[in-house]
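See structure below.
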Amino acid sequence: MKLRTLPSQSVLLAMPTEKKLLQVLTRQKVSPPPIWLMRQAGRFLPEYRELRQKAENFLDFCYNPELAVEATLQPIRRFGFDAAILFSDILVIPDALGQQVTFEGGVGPKLNALDGPDDLSKLSTANLHEHLSPVYRTVEGLREALPPETTLIGFAGAPWTVATYMVEGGSSRDYAKTRSWAYRDSDTFSQLMDLLVNATADYLIRQIRHGAETVQLFDSWAGILPEQEFHRWSIDPARRIVSRLKQEFPDIPVIGFPRGAGALYADYVVETGVDAVSIDSSVPLQWAAETLQQHVIVQGNLDNVLLASGGEALDREIDRILETLGNGPHIFNLGHGILPHTPPENVARLCDRIRKQAG
Ligand code: 1CP
C-alpha cells in the first residue's frame, strides 16, 4: 500500500494548529472546550442507517474504506464536531487474529468463544496488517477529506475488553468465563493478554503512521475488575501500549477510557502514562477536577440517557460540567457511547449551548 507523504506527526504538532482538540491535548486551555461524542457515527443518524444498507455484514462495512470514510464524515457535516473518530469497531482485532467475528442484527457480535489455553494456538498475528489494511486506507482517506480544523482520532479496544468478547463469544452480563479463566490460570490468560497488547500497539502505531492524530483506548468493561485485577488487566496492558506508542511517537497524545473504574481512575491516570482520560458519568465532577485534572486532560462526562431525553435537565447538566471542569483542560464528551434512539436535535442543542459559552 502506498503511504501518502505527510509531514511527520511531530513536525505537524510543532506547528501552530487550528485543531481545538489537539490544542487541548497539548495542555492549552481552550474555551469553550472542543466537543466530540463517543460513537458519534452510527445508528442515531438517519443518513447512517441508509448508508449501512450498502453492506450486509457489519464488518464488511468497516472494511470498506469508501463507506467507512462516509460514515465518519456524516456527524462532522451535521454538527461540526472538533474531532472525527475513525469508523471501525474494536472487534476487528479478534477478527484479524483469526477468530471470525459476525454481527447479527439486533443480537450484537458473535465469536467462536475461546474455551481456554488450548484455543490460544488458533490465534495468529501473521495476517494482522494485511487483514486490517482497509482500516489504514480509511485513515488515509479521512486525512484527505476532513476539514483542517477537525482532529482525526484513531482507536482500539483495550486488551481486557477485547478479551471478554473473545472468551465469552459475544456480549455478556457478568463476564464470568473471562474472569474465572483469569483467576484460575493467570499464566495462560496472560499469554492471551500479551498477544492482545502487542497486536493492539502494532495496530495503533499503523493508524498513526497513516494519519491518526491521537488515539483512544476503549476499556469499556474495565469497571467489573476488582482492585488487584484492575491493576493487572487494565492498567498494566494500557501502560505497555502507551509506552510502545510513546517510543515511536512521543508527541501523539493518548486518551484512555477505563469505564467504570471509580476511585481507581486516579491510579489509572498516574500509572498508565495516558495524556487524557475519558470519565464515565458516575465520576463526581468536583473529584475529577481536583484529583484527575492536575495530572491529565479530562474528557467527559455527560450521561448518554440525559442527552437522549433532552430538555432543561440536559441544559443544566451541560452547564454544570462546563463550570466544574472548565478551569483545566477539558474535552466535552459523553460518559459512554451515544444511544441509538437519541434525537439528532438534542445533539444540535448540546453543541449550540457549549459553543455559546463565553470564551
Ligand atoms: O450495524 C450497526 O450499525 C452496528 C452498530 C455498531 C456501530 C455503529 C457496532 C456494533 N459498532 C459500531 C461502530 C463503533 N464501535 C465505533 C465507531 C463509531 C463512532 O464511534 O462514531 C466505535 C468507536 C466502536 C467501539 C466499540 N465497539 C466498543 C467500545 C465503545 C463502547 O461503546 O463501549 C465496544 C464495546 C464495541 C463492541 C460492539 N460493536 C457493536 C456492538 C453491537 C458491540 C457490542 C456492545 C456490547 O457488548 O454492549
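Each ligand, and each atom within it, is numbered from 1 in the order the structure gives. This one's a predicted model, so the numbers in the text were calculated from it and none came from an experiment.
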Strictly below 4.0 Å, N to O, side chains only: are R77 and E47 in salt-bridge contact?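 Judged by the 4.0 Å cut-off on N to carboxylate O distance, R77 and E47 do not form a salt bridge.
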
Do E317 and R320 sit within salt-bridge range, that is, some charged N less than 4.0 Å from a carboxylate O?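 Yes, charged N to carboxylate O under 4.0 Å.
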
With only distance considered, is A41 within less than 3.5 Å of ligand 1 through an N or O on each side?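 Between A41 and ligand 1 (N or O atoms, distance only) the closest approach is under 3.5 Å.
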
Under 3.5 Å: N/O of W221 near N/O of ligand 1: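 In this structure, W221 places no N or O atom under 3.5 Å from an N or O of ligand 1.
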
For [X], take its heavy atoms, then give the atoms of ligand 1 lying under 4.0 Å from any of them.
{"X": "H336", "answer": "31 (C), 32 (O), 33 (O)"}
{"X": "Q40", "answer": "19 (C), 20 (O), 21 (O)"}
{"X": "F218", "answer": "23 (C), 29 (C), 30 (C)"}
{"X": "R52", "answer": "1 (O), 2 (C), 3 (O)"}
{"X": "S220", "answer": "29 (C), 30 (C), 31 (C), 33 (O), 35 (C)"}

Location of contacts on [X] toward ligand 1, heavy atoms closer than 4.0 Å:
{"X": "R43", "value": "side chain"}
{"X": "A71", "value": "neither"}
{"X": "F61", "value": "neither"}

Count the heavy atoms of every other residue, nucleotide or ligand shown that sit under 6.0 Å from [atom1] of [X], and state whether that count exceeds 12.
{"X": "E248", "atom1": "CD", "result": "yes"}
{"X": "Q100", "atom1": "CD", "result": "no"}
{"X": "K246", "atom1": "NZ", "result": "yes"}

Is there a ring pair (Phe, Tyr, Trp, His ring centres under 6.0 Å) between Y268 and F257 once you walk through the steps? CA-CA 9 Å; Y268 186 93; F257 179 40; 9.6 Å; no

Would you tell me whether T178 and E168 have side-chain atoms, one donor and one acceptor, within less than 3.5 Å of each other?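 Yes, E168 and T178 have a side-chain donor paired with an acceptor closer than 3.5 Å.
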
Taking the six-membered ring of F61 as reference, does the cationic atom of R52 (NZ for Lys, CZ for Arg) lie under 6.0 Å from its centre and within 45° of its axis?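 Yes; both conditions hold, so R52 lies above the ring face of F61.
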
Within this structure, what is the CG-OG1 distance for the pair L59 and T102, rounded to the nearest 0.5 Å?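 The CG atom of L59 sits 8.5 Å away from the OG1 atom of T102.
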
Spacing of L204 atom CG and Q216 atom CD [to the nearest 0.5 Å]: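 Between atom CG of L204 and atom CD of Q216 there are 11.0 Å.
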
Parallel, tilted or perpendicular, as decided by the 30° and 60° cut-offs, for the rings of Y136 and Y203: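 Tilted: the ring planes of Y203 and Y136 meet at 30° to 60°.
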
Relative to each other, are the rings of Y165 and W221 parallel, tilted or perpendicular (30° and 60° limits)?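 Judged by the thresholds at 30° and 60°, the geometry between Y165 and W221 is tilted.
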
Among all protein non-hydrogen atoms, which one is nearest to [atom], and what is the separation to 0.1 Å?
{"atom": "atom 7 (C) of ligand 1", "value": "F58 CZ, 3.5 Å"}
{"atom": "atom 25 (C) of ligand 1", "value": "I90 CG2, 3.7 Å"}
{"atom": "atom 40 (C) of ligand 1", "value": "F103 CE2, 3.4 Å"}
{"atom": "atom 38 (C) of ligand 1", "value": "D89 OD1, 3.8 Å"}
{"atom": "atom 35 (C) of ligand 1", "value": "Y165 OH, 3.3 Å"}
{"atom": "atom 14 (C) of ligand 1", "value": "S88 O, 3.1 Å"}
{"atom": "atom 43 (C) of ligand 1", "value": "P109 CD, 3.9 Å"}
{"atom": "atom 32 (O) of ligand 1", "value": "R39 NH1, 2.8 Å"}

With a 4.0 Å cut-off on heavy atoms, does Y48 reach ligand 1?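 A heavy atom of Y48 does come that close to ligand 1.
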
